[in-house]
Amino acid sequence: MQTTLQFLIMVDGPLTAAELLDLIRTRLPDAVPYRRDSVDVRGNLLEINPNEDANPQLAATDEDDYLYFRWRVELTPMDRTVDEAHQIALARELLRAIEGPQVRATVCAAFEDRV
């Protein structure tokens, strides 16, 4: 797989990893459980990990606030048919699924300017 097709969604808000995963699974019903804190979704392994650099104060005030968000949602293509257009569409849909009144999300990818 091309590493340029991998992407992150940085997520900040009051959700636990389990709640974030449930939110994704509810709004993307084709996501299939893979293992704890991960699903197989549209040819990608989606894993939720804590951001080691999470800092609520910097997430609220820093110019690059997303670097300090609470969660890293990592997507790695597992299917050879996945292409950039597919990943862009998936990133858009995941943003719509995750973002809410108390939850912010930002895509970090080689193609982020097209999301």
Side-chain angles (χ1 to χ4, degrees):
M1 292 298 124
Q2 293 180 358
T3 56
T4 59
L5 296 178
Q6 294 175 315
F7 67 96
L8 298 174
I9 299 180
M10 301 298 289
V11 179
D12 199 41
L15 300 173
T16 65
E19 291 168 334
L20 180 54
L21 188 61
D22 285 345
L23 183 65
I24 291 167
R25 289 184 62 203
T26 298
R27 297 189 177 163
L28 279 81
D30 56 338
V32 177
Y34 186 73
R35 59 179 184 250
R36 185 172 186 213
D37 295 332
S38 67
V39 293
D40 181 345
V41 61
R42 301 183 191 163
N44 286 269
L45 174 60
L46 180 152
E47 298 177 285
I48 299 173
N49 293 298
N51 179 11
E52 292 178 6
D53 296 323
N55 181 315
Q57 183 177 356
L58 291 174
T61 61
D62 195 83
E63 182 176 323
D64 293 323
D65 57 354
Y66 65 92
L67 295 173
Y68 306 102
F69 284 7
R70 186 174 179 191
W71 301 108
R72 293 171 48 99
V73 178
E74 303 174 18
L75 287 103
T76 304
M78 303 300 283
D79 186 329
R80 295 192 184 276
T81 63
V82 169
D83 62 12
E84 190 172 85
H86 175 90
Q87 296 298 80
I88 291 168
L90 179 57
R92 283 182 188 142
E93 191 166 350
L94 282 166
L95 279 178
R96 284 192 300 269
I98 294 169
E99 289 182 315
Q102 295 182 330
V103 180
R104 298 185 296 159
T106 300
V107 172
C108 301
F111 51 80
E112 65 190 36
D113 59 322
R114 288 171 279 174
V115 173

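Just so it is clear, the values below take in all heavy atoms, side chains as well, and ignore hydrogens, waters and symmetry mates.
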- Task: Verify side chain to side chain contact (heavy atoms under 4.5 Å, CB included) between D53 and L67, making sure each step is shown before the conclusion.
- Result: CA-CA 7 Å; D53 296 323; L67 295 173; over 6 Å; no

- Message: Would L75 and R42 count as a side chain to side chain contact (heavy atoms under 4.5 Å, CB included) here? Give the steps.
- Response: CA-CA 10 Å; L75 287 103; R42 301 183 191 163; over 6 Å; no

- Message: Going by side chain to side chain contact (heavy atoms under 4.5 Å, CB included), V73 matches just one of V107, L20, N49. Which one?
- Response: L20

- Message: By the definition side chain to side chain contact (heavy atoms under 4.5 Å, CB included), identify the one residue from T106, V103, I48, L95 that meets it with V11.
- Response: V103

Do you reckon [X] sits in the same ILVMFWY cluster as [Y], going by side-chain contacts under 4.5 Å, direct or chained?
X: M10; Y: I24; answer: no
X: I9; Y: Y68; answer: no
X: L94; Y: F111; answer: yes

- L28 vs L46, side chain to side chain contact (heavy atoms under 4.5 Å, CB included): CA-CA, chis, key distance, verdict: CA-CA 12 Å; L28 279 81; L46 180 152; over 6 Å; no

- 4.5 Å side-chain heavy-atom contact, R104 and E99: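 They are not in contact (no side-chain heavy atoms under 4.5 Å apart), so the answer is no.
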
- Task: Flag the pair C108 / R72 as yes when at least one side-chain heavy-atom distance between them is below 4.5 Å, and no otherwise.
- Result: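 Not touching, per the 4.5 Å side-chain cut-off.
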
- Could you please spell out the steps behind the side chain to side chain contact (heavy atoms under 4.5 Å, CB included) verdict for L8 and F69? CA-CA 12 Å; L8 298 174; F69 284 7; over 6 Å; no

If you take all heavy atoms of [X] and [Y], which pair is closest and at what distance?
X: L5; Y: P77; result: CB-CG, 3.7 Å
X: D83; Y: H86; result: OD1-N, 2.9 Å
X: A109; Y: Q6; result: CB-O, 4.4 Å
X: S38; Y: L21; result: N-CD2, 3.9 Å
X: A91; Y: F7; result: CB-CE1, 3.7 Å

- Task: Look only at the side chain of D12 and the backbone of R70, and say whether a donor-acceptor pair between them is shorter than 3.5 Å.
- Result: yes

- Between Q87 and E84, is there a donor-acceptor pair closer than 3.5 Å when you use the side chain of the first and the backbone of the second?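 No, the answer is negative, given that no donor and acceptor are paired below the 3.5 Å cut-off.
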
- Task: Before accepting this row, confirm whether a basic side-chain N of the pair R27/E93 lies closer than 4.0 Å to the acidic partner's carboxylate O.
- Result: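 Between E93 and R27 there is no salt bridge, as every charged N stays at least 4.0 Å from the carboxylate O atoms.
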
- Approximate separation, where rounding is to 0.5 Å, of D40 CG and L45 CG: 7.0 Å

- Message: Can you tell me how far apart OH (Y34) and CG (N44) are? Round to the nearest 0.5 Å.
- Response: 12.5 Å

